Amino acid sequence: ADVKVGLLGGISGPIAAMAPPMIDAAKLAFAQVNEQGGVLGGQKIVTVVGDSACNPQNGVDAASKLVNVEQVTALVGPHCSGPVIAVANSVAAPAGVALITPSGTSPEITGLDDKGTVYRTVPSDDYQGRALARTLVAQGTKNVAVAYLNNDYGSGLAGAFKAEFETQGGKISGYAAHEEGKASYRTNLAELSRGGADTLVIFDYGDGSGLTILRQALENGFFTNFVGGDGMKSDAPIKELGAENLTTFVASSPMGEASSSLDSFNKAFTAAGGSADAIFVANSYDAAFVLALAIEKAGGDKAKVPAAISAVSDGKGEAVAAGEWKKAVELIKAGKEIDYKGAAGDLNFDANGDVPGAYGLFSIDGESFKLQTPMN
Amino acid sequence: MTLLELMNFYVIPGLVLGSIYAVGAVGITLVFGILRFAHLAHGDLATFGAFAALAVVTASGISPWAALPIAMALCALIAIGIDKVFYDYLTDRPKIITVMASLGIALMLRAVIQVIWGVDTETYSRGLVRPENYWGLRLRDREIFTMLAMFAIVGVLWVFLQKTKWGKAMRAMSDNPDLALLSGVDNRRTTMLTWAIVGALCAASGFFLGLNTELKALMGWTMLLPMFAAAILGGVGRVEGAVLGGLVVGVAEELSVLVLPSEYKAAMAFVILLLILLVRPTGLLKGKLL
Amino acid sequence: MTNTSKTTPTLVMKDVRAGYGDADILHDINIKVARREIVSIIGPNGAGKSTAMKAVFGLLNVRGGSITVAGQDMTGWKPNKIVQNGVCYVPQVNNVFREMTVLENLEMGAFLRKGDFTAALDRVFSLFPDLRERRSAMAGSLSGGQRQMVAMGRALMLDPVLLLLDEPTAGLSPKYMEQIFEITRSVRDTDVSILLVEQHAKQALTFSDRAYVLAAGQNRHEGTGEGLLADREVAEMFLGG
Amino acid sequence: MEIPGILIYAMSMAIFMGIYAILALGLNIQWGFTGLFNAGIAGFFAVGAYTSALVTSALSANHLGGLDLPVPVGWAAAMLVAGLVAWPIGKICLRFRSDYLAIATIGVAEIIRLVIKSEGWLTGGARGVTKIPRPLASDNYALSELSYLALVVIVLFCIYLLVEKQLKAPWGRMMRGIRDNELAANAMGKNIERRRLEAFIFGAAIMGLGGAMLAHYYRSITPEAIDPMIATFLVWIMLILGGSGNNRGAILGVVVVWTIWSMSEFVTDQLPEEYAIKAKYMRVFIIGLMLQLVLRFRPEGILPEADQKSAQRRK
Amino acid sequence: MLEVDQLTKSFGGFKAVQSCSLSVKEGTITGLVGPNGAGKTTLFNLIAGAFQPTSGSIHFMGKDVTSLSSDKLFHRGLVRTFQIPHEFHRLTVLENLMLVPENQLGENLLANWLRSGQVRAQEELTRQKAWETLEFLELTHVADERAGNLSGGQKKLLELGRTMMTDAKLVLLDEPAAGVNRTLLRKLEEKIQILNKERGYTFMLIEHDMEMIEKLCDPVICMAEGSVLIAGSFAQVRSDKRVLEAYLGEVVGDAA
Ligand SMILES: Nc1ncnc2c1ncn2[C@@H]1O[C@H](COP(=O)(O)OP(=O)(O)OP(=O)(O)O)[C@@H](O)[C@H]1O
Ligand SMILES: Nc1ncnc2c1ncn2[C@@H]1O[C@H](COP(=O)(O)OP(=O)(O)OP(=O)(O)O)[C@@H](O)[C@H]1O
Ligand SMILES: [Mg+2]
Ligand SMILES: [Mg+2]
């Protein structure tokens, strides 16, 4: 028999552009599993894709279909925080089905009363915002303006960044939220630049309004340096604006200690036709891979999968890197503890299903992002 | 802040944005005024037009401006087709039904766009275009062209509606379709012509939006509300009004960050709209009270 | 059309069955209008008089019978095509373009006319001087009687072969009522056939060549104007004694 | 295990339908009876959802409220506050007609949405409100779905009776009269402004209740739930397809549209795996197409507005 | 009972009613005639509160009602019909009539629930009255038809029927005869007389049908170009030279 896993993503709706690569990355992980012998002694993992459209109504409906009708063993997704919370509350937790979101960054997810079913492979915004703030101050950037997207992702990151940056003695000379989908952000930029900062920090998506902001800032010469969160570490700016125009642009992104994991993912994903710089793809891959490990560990028992997820990546045991499925299976068979070190970080789930995360600051080199400095 | 700064960073962006809104709003106001319903598929048809132009550009390598007429023609045909297949048989029903049908069309068009062109962000030409300096005013070529083209398109349309029999036939049909028939107006052909114009305008507005920013599968849908606001603001059924409304909404949105937190920028169009409607319930230029 | 013989009737409605929804309103109606003839239809409210006129124009479902204009079978034609063939119609209600000016309304009457129509316009304005005065007023703001004039004027902008008038005098002052009858007669004299619905039945019968009485969607009586006027039953039932 | 799963799915579908039916009935009062083109359903929905959320959830540093009151109090508060919010909006906007009103109410709903997103002290901002209690919840998945479904059905039934009785009563007749011809209704002594406001508030309160019920179902409410597509336009599609002016039609419309909305995913899932993502776009296409088909065959709605036939022809 | 003083109404620059003064005595059937576009309907709209006058005043039953809205005037006993029928097109004919009576308990949201027995009883009475009206107007066969589907004349009858559904003091009728079958019209005339004599309704009647004016109205007021030309008995008005010329279109000296 096959093991069914649900991939729940915001395929239609506001993050339509981000969802497909994320789904592809998750599928890549399962493909690797299947190639390397499958789960539970030769069974294949098959995926069923559901569309949460980035709103709770569709999310819960799609999750209900996956869990109740398709009888999936676990869910990877949804992508947006709102549906994550709603699905966790009204489907995953009641049904006791594990849920790993690769991109739900809201702090609210931490404290959900989820009976241990909810995990995420993306760190809560808190960590990244603070790490980025520290790194910038350490690099000598003391005065910045912040433009953030008015959603859970943008406002979460911006809030954390602001608090830490100011504690570190930095000055935020402009701080403003914006709505997505507008054609012009030039006056926003003009307002922000009036504070006198020459660095703009953008917490937005690089293939959405973040790109528009970056473009309009560059074209009109509003700022000289640009810093983005992980959402901005997207191939879209390179593709649309040209690498030659982005020499002063850096973006932070989660990464693991074992950068071999990231390399191996990058290689595999590029080979499969994906863009490794797309937003949240590594997190998505990790979510799928760790889930496969947990299924193996739980022996296919749906009810045991949630607990198994934290067991396979809790910082204890033999390290397993991205793509090393065969090795992991053998270890599990041998009854050894394993510790998955993912492409987007080491994971190491805490009791709430959150990951602490480690970050690096990336700059553009050639046509893709290259690690500039690790952040802490 | 100097006057020049105000112009460069607030007013000019507002006018460019307003011009983009205006082209869309003119189409919306035509459907409103002539066919008497709110065309919710307008934004997605605009997206379709923008992507069609992109397809032409990538396939043949011609300049985006040369692709524009092709996209306009294509969208005109598609608009006529949509009307023939989906809206036409609802003509005699309450207009709200056609509004719902157009919502369905919006979904269908969006799906088609996503299937054909995917969901990635695209541009007509890669790279940056920095503005030129005209006596202190900073303008990019494409911004000048956008504004000029907007006035040209709207001007031609206005003359066409004023000077030809078609304009009158359209108004007659919208006023009293049965009586128009009895006067010898061929309502079918008039409707077709209306859709051809509306489709072409859709393509143009999508194109300008894409030219000045990027092309995204949902770009039209997110622009729909401000465009509607512009159309209503100008007075329903009034082409000049739609242009005025578009410019007002565009400039007001851009200037709003001076007084409001920027997260409320999106609401600006509606605040202006509500205020103006309170004073002039028929819009800036007297529109029809439907 | 011009070469149809003098004896071909301008309008023949033969056994016309028609209705709005599923139910029939008209049950096998027969109406004939010869060349240069004024024919009126009278009958109680809701008898189907207006419906009969709409049936000629295909504005509702014609389910049986045939409609022939000047020898040409026009059953099932589109209204705009029927107009092109020289049939003009003034409906009873909704007979002006409310959001167009008086002048534009009249111009719409000449929509099919090629070339200059100032002469026709002048004629209408001299018939209804009130309209000349209010030429740039929106038709929707006009008084009831003025609208009726606009509607009538609109029909006079073309040179039809057949004119269908649905209660053209309703709401008009006595002065204009007389005038409308006058106009009708003079139009008839320019080789136009006229079919007319009237509630001013006595006046209508007086100057009609022939008349039909409809009741409940059926032909009840027909005859010459004077003949029907003299008929006691008709007088009692339909003319108000 | 197969059969119960499908049953639970059916229950969750039915819960959605029930809640959307409440929204559709609220809209029916405004549009179906009174002819008010309210395109700001999402606004009242949100006000209701957030009100009940703040009233019934536990104290939290992230947002106002946290009164921890019983759920029925929250629902009552949702109706009350939604009605209260509707009052000034109605006062200002109801002077506009048809499409003008539509765009004005869309605007108001957008403003409400932005306030909810941006004023974090009040609503939790983008984080929303979580930990909203769900009434009658139990550890058993099927059982808690079933009991919530029962609750939704009971509330829906009450609302239906309420609205239906109003429609059949002289009140409904008067409202339909105002809808059909304002001038004449005014000349017949009906106070148009007050009556329209009355219907607007009545409908908004019911929409508020719908919002509250959805929030308690998710045990959370975030700004994503008040997207105009899912919270306004979808309800409009349901009402118009079902038959505006007819309460049973409204409910039937909800059932049909939600079924299309939800089940279409199964259809497109039949496509081979490598088209899984395109299949979701196709699904949106199918939804659009199905709408067209329903309109094609039932252009007046599935159950059109019924004429109130005189029961006895002669006494 | 009705005093109109120096009433003026202009639309843009166009004065539809100009310094118009007239009065209507209780218990009369006052006829209002005048050429098309004289401002008769506009005057009705002003009296009934559908338009606000530009200047001038209106007193009804001794009270100033100049700026009162239609619904308030209705409650004071003033009912009007429209020249161009304003039916409730999606309501049935019966409902069109049942909607009219004032102070219906069932129009109150709460009373509907708290006093449903009374509401039902009231409905029964209203229904009965509506049926009687339909019978009189010969419209029973279309009672369940949507009013929008009526013929032109039937709509006018329905318009008239609404005034019979309430106890009015002053009824303004705007061309009730236009488009109505003459046989039925004779009956209507009788009904108006009965209402006038037995129920004490005061009527104000715009008509172009001279037969009807002659039979019913005294006094008759003739308007032209927005103001009153002459008021008096039918014979007086009928023989006035200006009236003959402007309105009746007869060459002076010609006998009727
Ligand atoms: N809303 C309006 N806007 C502009 N002009 C108007 C408006 N209503 C009426 N008028 C003008 O006022 C004049 C008087 O109109 P009114 O309807 O009062 O005439 P009337 O005496 O009732 O005529 P009829 O006998 O034809 O019904 C007309 O010339 C008309 O065009
Ligand atoms: N649009 C419609 N839909 C349904 N029924 C209609 C429609 N129009 C008219 N009817 C019905 O058809 C019948 C005939 O109407 P018609 O308008 O032909 O009457 P008419 O003889 O012209 O009367 P009138 O003298 O009052 O104008 C009436 O009973 C009316 O109720
Ligand atoms: Mg008729
Ligand atoms: Mg009048």
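Computed from a predicted structure; not experimentally measured. Lettering follows sequence order; numbering is per chain, from 1.
Put simply, the side chain of E:Arg182 reaches to within 4.5 Å of the side chain of C:Gln199, judged on heavy atoms. Side-chain contact between C:Lys175 and E:Pro35 is absent, with no heavy atoms from C-beta onward closer than 4.5 Å.
Other residues, nucleotides and ligands place no more than 12 heavy atoms under 6.0 Å from the NZ atom of C:Lys78. At most 12 heavy atoms of other shown residues, nucleotides or ligands fall within 6.0 angstrom of atom CZ in C:Arg98. For E:Lys15, the NZ atom counts as loosely surrounded, since its 6.0 Å shell holds 12 or fewer non-hydrogen atoms of other residues, nucleotides or ligands. More than 12 non-hydrogen atoms from other residues, nucleotides or ligands lie less than 6.0 angstrom from NZ of E:Lys187. Within 6.0 Å of atom NZ in C:Lys32, 12 or fewer heavy atoms from other residues, nucleotides or ligands are found, so the atom counts as exposed in its surroundings. Around atom CD of E:Glu225, no more than 12 heavy atoms belonging to other residues, nucleotides or ligands sit under 6.0 Å away. Environment of CG in C:Asp189: crowded, with over 12 heavy atoms of neighbouring residues, nucleotides or ligands closer than 6.0 Å.
How far CZ of C:Phe128 is from CG of E:Asn36: 10.0 Å, rounded to the nearest 0.5 Å. The distance from the CD atom of C:Glu133 to the CZ atom of E:Phe14 is 7.0 Å, given to the nearest 0.5 Å. Summarising the geometry, atom NZ belonging to E:Lys40 is positioned 7.5 Å from atom OG belonging to C:Ser173; distances are rounded to the nearest 0.5 Å.
Residue E:Ile84 touches chain C through its side chain alone, counting heavy-atom pairs closer than 4.5 Å. Using a 4.5 Å cut-off between heavy atoms, E:Ala246 contacts chain C through its backbone alone, with no side-chain atom that close.
Between chain E and the options C:Ala170, C:Ala201, C:Ala47, C:Gly171, heavy-atom pairs under 4.5 Å are most frequent for C:Gly171. Ranked by heavy-atom pairs under 4.5 Å with chain C, the list E:Val180, E:Ile206, E:Thr42 is led by E:Val180. Of the listed residues C:Ala137, C:Gly46, C:Gly21, the one with more heavy-atom pairs under 4.5 angstrom with chain E than any other is C:Gly46.
Taking both residues in full, the closest heavy atoms of C:Pro174 and E:His208 are given as CG-O, 3.6 Å, listed atom of the first, atom of the second, then distance. The heavy-atom pair separating C:Asn45 from E:Leu184 by the smallest distance is OD1-CD2, 4.1 Å.
Of all residues spanning residues 146-155 of chain E, those with a heavy atom less than 4.5 Å away from chain C's heavy atoms are E:Ser151, E:Gly152, E:Gly153, E:Gln154, arranged by number. Taking 4.5 Å as the heavy-atom cut-off, the residues of residues 140-153 of chain C that approach chain E are C:Ser143, C:Gly144, C:Gly145, C:Gln146, C:Arg147, C:Met149, ordered by number.
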